[in-house]
Amino acid sequence: MTDEKLDQILKQALAPEISDREIRIHRRRKGKMKKIVKIGKGAAAVVAAAVIGICGLGYFNPVLAAKIPLIGKIFEKVEDDATYSGDYSDKKTVLTTEDSVGNLDTSDYTVSDKGITLTASETYCDGYSIFLTVNIESEDADFTHIPEHYTGRNVADNRTAAGFYIGGTWSVDGSSPEWLENTFDGEVIDSHTFAGMMKINLEEKYTGSGELNLNISGLGYDDDRMLDGEEISASHWTDGIWNIAIPFEVNATDVKTIEVGEKKGNITLEDVVVSPYQVIVHATTPGEQRELTDDRKEKLLSKDPDLTDEEMYALLGWSYEPCYTICFNQDGEMLYADMEMAGRAGFAVQGKEIKTLYIFIFDNLDDWSLTEQEGMNSSAADRAVISKEIHLEQ
């Protein structure tokens, strides 16, 4: 087991139990997608399948490319049905090079292990998230039984995509590795090929160019022939090593930041970011360092007797007061919500026109849930700690 995976297990094992509120919000926002639970020798590694954390993988097959040109055009292939849908044609950066007769050179962005080949294809970065398209190919696989999931909040949206799981870590420009908590939104091209996209959220606003390092340790997918089973999540899972360095450049075109700085109660609405494919609400609530109890300290030291108190506090992390956010546009359409985390709530634009945003931030999950069900005119919306109307400059 790697040190990175051990760190993740320690974080999960030592964090306070998930509250009923967190479970309920998790279930609402994750919808059809599930957690991956993979049992290894002597340890269980839990990889969260984030919806709205979104990613896709696939593979470049020269024969297939002659019929369906995928490399450099995966956004075009999956952008309609992906959670973070939209037209990426004018925003994307193609990673591959092409010679004078049209042959693609993918050698810098292709890795293979355990019979599975990954090829990174295109990127887009708005300064807050990296959107990446990749192919995955396996001659021994049968991807045609990967079930589709809804990528809109309502079934009536009729927007579905195939789902694929990823395990491992990512980092940017040598930063500390972060656990991959992404699910791939994409399309099964044939029995051996899957193409799709993922989104990785950066911790801080990024400018200029950089390098994304993916250290993938596992890949898996569900099987619709096992839907009657008790647990089908990542029923087809492969451990391996697929490490790849991917350059990216921030494209700030059509990205707007509206400073707010409004504080009510214990919640502060810092700012709102609107990019072509997502809306991000930055709101802060009071937080405190989780307590290093004797029991937790004993468990941590049993894994690594050389851990300092500072390192143990870092593993435990912080806990924050609850904060639940909903966004609507000027037409009363609710934006599809990504997984909310401390300080940041993300929403998919999904082609909706945004002239005005109505933002409601709650400290009560029941009020948030009722507003989600009834819309922005719900009586529960009046109980939001912060409600803000934001007009975007034309």
Side-chain angles (χ1 to χ4, degrees), residues 18-34 50-54 81-86 149-161 185 258 260 262-275 277-285 320-392:
I18 298 176
S19 67
D20 289 341
R21 286 182 172 185
E22 290 174 304
I23 291 173
R24 287 165 62 191
I25 195 170
H26 171 87
R27 285 176 178 168
R28 282 187 173 275
R29 293 190 171 177
K30 297 299 178 61
K32 297 289 183 180
M33 301 307 290
K34 302 176 180 179
V51 152
I52 326 182
I54 327 273
D81 293 327
T83 301
Y84 283 84
S85 56
H149 64 280
Y150 286 98
T151 57
R153 179 177 293 277
N154 302 311
V155 174
D157 291 345
N158 198 31
R159 177 175 292 153
T160 60
D185 277 353
I258 300 94
V260 181
E262 179 174 329
K263 180 177 181 180
K264 290 185 180 179
N266 288 326
I267 299 175
T268 302
L269 173 55
E270 303 286 357
D271 62 56
V272 178
V273 177
V274 181
S275 87
Y277 314 107
Q278 66 176 337
V279 170
I280 303 171
V281 177
H282 290 122
T284 57
T285 59
Y320 296 87
E321 293 187 13
C323 182
Y324 313 108
T325 308
I326 297 181
C327 278
F328 300 87
N329 70 357
Q330 69 283 343
D331 299 318
E333 296 175 303
M334 184 166 56
L335 303 189
Y336 185 88
D338 199 340
M339 183 171 59
E340 188 163 356
M341 61 190 71
R344 172 177 177 150
F347 304 85
V349 172
Q350 297 187 327
K352 293 181 174 66
E353 184 179 26
I354 298 180
K355 296 180 179 179
T356 303
L357 282 172
Y358 296 90
I359 299 171
F360 299 88
I361 304 178
F362 300 87
D363 60 3
N364 182 286
L365 181 59
D366 292 330
D367 291 336
W368 172 89
S369 179
L370 192 58
T371 304
E372 180 194 48
Q373 296 172 37
E374 298 180 350
M376 61 184 290
N377 294 322
S378 170
S379 60
D382 296 333
R383 296 191 288 274
V385 177
I386 292 180
S387 57
K388 190 71 176 178
E389 179 178 337
I390 295 178
H391 298 279
L392 276 66

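Predicted model, so just to flag it, every value in this text is computed and none were measured.
Between I354 atom CD1 and N329 atom CG the span is 6.5 Å, to the nearest 0.5 Å. Here CD1 of I359 is found 4.0 Å from CD1 of I390. Values are rounded to the nearest 0.5 Å. In this structure, CG in L392 is found 7.5 Å from OG1 in T356, a value given to the nearest 0.5 Å. Distance check: H149 NE2 to T83 OG1 gives 5.0 Å after rounding to the nearest 0.5 Å. One distance of note links SG of C323 with CE of M341; it measures 12.5 Å at 0.5 Å rounding. To the nearest 0.5 Å, atom NE2 of residue H391 and atom CD of residue Q330 are 10.0 Å apart.
When all heavy atoms of A381 and M376 are compared, the closest pair comes out as CB-O, 3.6 Å. When all heavy atoms of F362 and F360 are compared, the closest pair comes out as CE1-CB, 3.6 Å. Scanning both residues, E353 and K355, for their nearest heavy atoms gives OE2-CE, 2.9 Å. Residues F347 and C327 approach most closely at CE1-SG, 3.7 Å, considering heavy atoms. Across every non-hydrogen atom of I326 and E372, the tightest pair is CD1-N, 3.7 Å. Of all heavy-atom pairs between A82 and R159, the closest is O-CD, 4.1 Å.
Here the options are L335, T371, L357, N377, the test is side-chain contact (heavy atoms from CB on, under 4.5 Å), and the partner is F328; only T371 passes. Partner Y84 forms a side-chain hydrogen bond (donor to acceptor under 3.5 Å, both in side chains) with one of D338, T151, D185 and no other, that one being D338. Just one of V281, L269, I386 meets the side-chain contact (heavy atoms from CB on, under 4.5 Å) condition when paired with T325; it is V281.
Side chains of E270 and T284: a donor on one and an acceptor on the other come within 3.5 Å.
Judged purely by atom type and a 3.5 angstrom limit, D331 has no side-chain atom pairing as donor or acceptor with the backbone of E333.
The side chain to side chain donor-acceptor pair (under 3.5 Å) check on K352 picks up nothing, with sequence neighbours excluded.
Using a 4.5 Å heavy-atom cutoff, the side chains of T160 and D81 are not in contact.
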Could you walk me through whether V272 and K388 satisfy the side-chain contact (heavy atoms from CB on, under 4.5 Å) test, starting with their C-alpha distance in whole Å, then the side-chain angles of each, then the deciding distance to 0.1 Å, before giving a yes or no?
CA-CA 11 Å; V272 178; K388 190 71 176 178; over 6 Å; no
Report the C-alpha separation of E321 and D363 in whole Å, then their side-chain angles, then the decisive distance to 0.1 Å, and conclude whether the side-chain contact (heavy atoms from CB on, under 4.5 Å) test is met. CA-CA 8 Å; E321 293 187 13; D363 60 3; over 6 Å; no
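Using the six-membered ring where Trp is involved, W368 and Y324 have ring planes that are tilted, between 30° and 60° apart.
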